[in-house]
Amino acid sequence: MSFPWFKKKKTTYPPILNELKELLENKKKVTYKLTDSEERIVKKIREKTSIENQNNITRTQAYLSYYQKHPEIHWSFLAHMVSRNAGWNMTDLKGTCLPRLLSDKEVMDFFLFLERGNWLIFQDAYPQLLLYEESKKRKVNLAYLLPHFFVSVFMDQVWTHFWKNRDSSLLTIALIINEQNHLEQTLMKQPTVQSSVLGKLEFALQDIMSMNQILFPYDSGRQTNLTGKTIHHFEELDSRISIGKDLYAILFHKEIQNAVEQWAYKTIHSGSRRDYWPHLFNHVSEEVPGKIYKIRLKKCALLPGSPHFYSPNLLNVWKDVTHTVPSHHDWYRDSSVINDMLPVKKELIESIEGDYCTTLEKLELACVANKILPLF
């Protein structure tokens with residue numbers, strides 16, 4: 001006996017997603033010899049990507065400069081703000097507290113993890129942005145050149161779809177999915193990362209202690225406010241994609257988008273958390289060497305006479321890293337990925353300052369004890 005009501009319900013997609021799904025299903029790999037003109041385009045984009053992918057500072061600025069020229073590419077501004085956060089995380093490793101809690105090797109392992117991820121995403125995504133820019137200049141879709149940058153066939157079809165439909169939201173979600181799958185394949189699954197970073201007790205406890213906020217600063221009157229999201233389970237692909245979509249919904253919410261943009265345009269990214277909260281952080285160390293750490297924070301303000309938290313400029317504490325290009329294996333398998341591209345829900349804009357201040361207080365307690373404190 002059959003029970004038709006038990007049959008799995010077929011997912012219904014909006015027409016624009018059905019169109020993309022059809023493009024993906026009908027895609028055929030075609031290889032051919034590049035013309036001289038196409039060779040020059042590919043060479044120019046590779047050279048510019050290499051120049052801009054020097055370090056976190058150059059990448060972060062490149063994303064913002066691109067967004068200013070092409071505001072329809074929302075992902076570029078999202079990438080800029082997330083890249084700022086990556087820079088702040090990198091300098092935290094040389095700041096007031098974390099060097100007291102981690103060994104020199106652990107500090108270097110965590111930095112290389114952050115730097116490698118930042119580099120890999122830029123290396124994959126920036127040629128896509130530049131090729132779209134060249135397409136606009138020539139008034140012809142050049143997405144067919146993406147395979148020459150080892151970009152997934154998934155994005156080949158997404159950019160072709162965007163050229164016709166100009167759906168900025170759909171493109172952003174697709175880029176989030178693509179970059180996180182690329183990161184999964186080229187970084188997160190690497191044995192050295194599993195053992196030296198993701199498998200470390202300190203990494204797990206950072207998650208428990210909510211030390212992984214993505215912050216979006218914006219000015220409101222006389223002070224800089226913070227919104228954003230606390231990150232958990234960063235090691236899981238589905239979680240990272242969901243987080244990316246949530247961050248996009250927050251950043252492009254009509255209540256704060258313009259304010260965050262204006263803050264970003266006027267605030268040069270240095271890697272120091274002084275960029276957004278100079279009342280707590282300074283890029284110059286005020287610490288007395290060898291002095292026992294004492295609590296200096298109360299209700300997110302420094303106690304009278306207390307030194308600022310040291311948050312250095314990135315280029316003063318980290319040298320540029322020479323990266324190896326990963327072997328290329330396209331992550332895309334079939335059009336079921338469309339399930340992850342359903343419209344993103346609008347996130348409520350909430351202040352994350354309370355959570356962030358709690359994080360700083362927990363970090364101080366760990367710093368006083370000179371060890372990561374389990375919170376069980």
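Positions are given from 1, in the same order as the sequence printed here. All values reported here derive from a predicted model rather than from experimental measurement. All values below were derived from every heavy atom in this structure, side-chain atoms included, with hydrogens, water molecules and symmetry-related copies excluded.
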Atom CZ of Phe150 with >12 non-hydrogen neighbours under 6.0 angstrom: no
Is Arg296 salt-bridged to Glu287, going by a charged N under 4.0 Å from an acidic O? yes
Under 30°, 30 to 60°, or over 60°: which ring-plane class applies to Tyr265 and Phe77, parallel, tilted or perpendicular?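 The rings of Tyr265 and Phe77 sit tilted, inter-plane angle from 30° to 60°.
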Would you say that Lys44 contacts Glu134 through its side chain, given a criterion of any heavy-atom pair below 4.5 Å between the two side chains?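 Side-chain contact under 4.5 Å: yes.
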Would you confirm whether His80, through its side chain, and Thr60, through its main-chain N or O, come within 3.5 Å as a donor-acceptor pair?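 Checking the backbone N and O of Thr60 against the side chain of His80, a donor-acceptor pair under 3.5 Å is found.
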Do Leu342 and Ile173 come close enough that some side-chain heavy atom pair is under 4.5 Å? no
Ignoring hydrogens and geometry, is there a side-chain-to-backbone donor-acceptor pair from Asn55 to Thr58 under 3.5 Å? yes
Do any N or O atoms from the side chain of Ser65 and from the backbone of Ala62 form a donor-acceptor pair under 3.5 angstrom?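 Flag not set: sc Ser65 to bb Ala62 has no pair under 3.5 Å.
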Between Phe162 and Arg166, is there a cation-pi geometry (under 6.0 Å to ring centre, at most 45° from the normal)? yes
Looking at Arg240 and Glu184, is there a salt bridge between them, counting it only when a charged N and a carboxylate O are closer than 4.0 Å? yes
What verdict does the salt bridge (Lys or Arg N to Asp or Glu O under 4.0 Å) test give for Glu19 and Lys164, after you've listed the backbone C-alpha separation in whole Å, the side-chain angles of each residue and the deciding distance to 0.1 Å? CA-CA 11 Å; Glu19 184 180 339; Lys164 176 184 176 183; 3.2 Å; yes
Looking at side-chain heavy atoms only, is the closest gap between Trp88 and Phe281 below 4.5 Å?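 Contact flag for Trp88/Phe281 side chains = no.
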With a 3.5 Å distance limit and no angle check, can you tell me whether Asp156 reaches the backbone of Tyr144 through a side-chain donor-acceptor pair?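 No.
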Is there a side-chain contact between Met81 and Leu215 (heavy atoms, below 4.5 Å)?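 The answer is no, as the side chains (C-beta and beyond) never meet within the 4.5 Å cut-off.
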Grab the two heavy atoms, one from Leu363 and one from Cys97, that are nearest each other, plus how far apart they are. CG-CB, 3.9 Å
In the structure I gave you, are the side-chain heavy atoms of Arg46 and Lys43 within less than 4.5 Å of one another anywhere? no
Given Lys137 and Glu133, is the salt bridge (Lys or Arg N to Asp or Glu O under 4.0 Å) satisfied, shown in steps? CA-CA 6 Å; Lys137 187 187 301 182; Glu133 182 174 65; 5.9 Å; no
Would Asp340 and Lys245 count as a salt bridge (Lys or Arg N to Asp or Glu O under 4.0 Å) here? Give the steps. CA-CA 10 Å; Asp340 290 330; Lys245 291 164 71 173; 5.6 Å; no
Over 60° means perpendicular and under 30° means parallel, so classify the ring planes of Tyr332 and Phe154, tilted if in between. parallel
Atom of Leu146, atom of Gln128 and distance for their closest heavy-atom approach: CD2-CG, 3.8 Å
Are any side-chain N or O atoms of Asn26 and backbone N or O atoms of Glu22, one a donor and one an acceptor, separated by less than 3.5 Å? yes
For side chain to side chain contact (heavy atoms under 4.5 Å, CB included), just list the numbers for Arg116 and Leu120, CA-CA rounded to whole Å, side-chain angles, deciding distance to a tenth of an Å, and then say yes or no. CA-CA 6 Å; Arg116 179 69 171 169; Leu120 284 166; 3.8 Å; yes
Could you give me the CA-CA distance, side-chain angles and deciding distance for Tyr63 and Trp75, then say whether ring-ring contact (aromatic ring centres under 6.0 Å, His included) is met? CA-CA 9 Å; Tyr63 285 136; Trp75 183 86; 5.6 Å; yes
Is it the case that the side chains of Asn141 and Ser135 hold a donor-acceptor pair, with the cut-off being a distance below 3.5 Å and no angle test?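 Distance-only check fails for Ser135 and Asn141.
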Which atom of Asp275 lies closest to which atom of Trp263, heavy atoms considered: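 For Asp275 and Trp263, the tightest heavy-atom pair comes out as O-CZ2, 3.7 Å.
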Check: Asn53/Asn118 side-chain N/O donor and acceptor closer than 3.5 Å: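 Judged by distance alone, the side chains do not pair up.
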Assess whether atom CD1 of Ile295 is packed by more than 12 heavy atoms of other residues, nucleotides or ligands within 6.0 Å. yes
Under 6.0 Å from the CG atom of Asp104, do we count more than 12 heavy atoms belonging to anything else shown?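 No - once you tally the heavy atoms of other residues, nucleotides and ligands closer than 6.0 Å, there are 12 at most.
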Nearest heavy-atom pair of Tyr248 and His74: which atoms, and what distance?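 Closest approach of Tyr248 to His74, heavy atoms only: OH-ND1, 2.8 Å.
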Output yes when Glu72 and Lys136 qualify as a salt bridge under the 4.0 Å nitrogen-oxygen rule, no when they do not.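 Yes, this pair counts.
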Under a 3.5 Å threshold, yes or no: a donor from one side chain and an acceptor from the other, between Asn181 and Glu179?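 No, because no side-chain N or O of Asn181 sits under 3.5 Å from a partner of the opposite role on Glu179.
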Check Asp92 with Arg273, please: is the shortest side-chain N to carboxylate O separation under 4.0 Å?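 Salt bridge between Arg273 and Asp92, a charged N being under 4.0 Å from a carboxylate O: yes.
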Can you find a pair of side-chain heavy atoms, one from Met90 and one from Asn85, that are under 4.5 Å apart?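 Heavy-atom side-chain distance check fails, nothing below 4.5 Å.
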Identify the heavy atoms of Pro127 and Thr49 that sit nearest to each other, and give their distance.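 Shortest heavy-atom contact: CG-OG1, 3.6 Å.
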Can you see whether Tyr218 engages Gln262 through a side-chain donor-acceptor pair at a distance of less than 3.5 angstrom?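 There is no such pair (donor and acceptor under 3.5 Å, judged by atom type) between the side chains of Tyr218 and Gln262.
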Does a donor on one side chain and an acceptor on the other come within less than 3.5 Å for Thr359 and Gln213?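 On atom types as modelled, these side chains qualify, holding a pair under 3.5 Å.
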For residues Ser336 and Asp334, is any side-chain donor paired with an opposing acceptor at under 3.5 Å? yes
Which heavy atom of Leu183 sits nearest a heavy atom of Gly117, and at what distance? CD1-CA, 3.7 Å
Carefully, step by step, assess Lys105 and Asp109 under the rule salt bridge (Lys or Arg N to Asp or Glu O under 4.0 Å). CA-CA 6 Å; Lys105 182 182 184 305; Asp109 286 344; 2.7 Å; yes
Would you kindly say whether Glu115 and His323 are connected by a side-chain donor-acceptor distance under 3.5 Å? yes
Taking the side chain as C-beta and beyond, is there a heavy-atom pair between His279 and Leu302 under 4.5 Å? no
Tyr126 ring centre to Arg59 NZ or CZ under 6.0 Å, with the angle to the axis within 45°?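 Output no; distance or angle outside limits.
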So Ile121 and His182, do their side chains get closer than 4.5 Å, heavy atoms only?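 No; the side chains remain at least 4.5 Å from each other.
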For the residue pair Tyr356 and Trp277, does the interplanar ring angle fall in the parallel (under 30°), tilted (30 to 60°) or perpendicular (over 60°) class? tilted
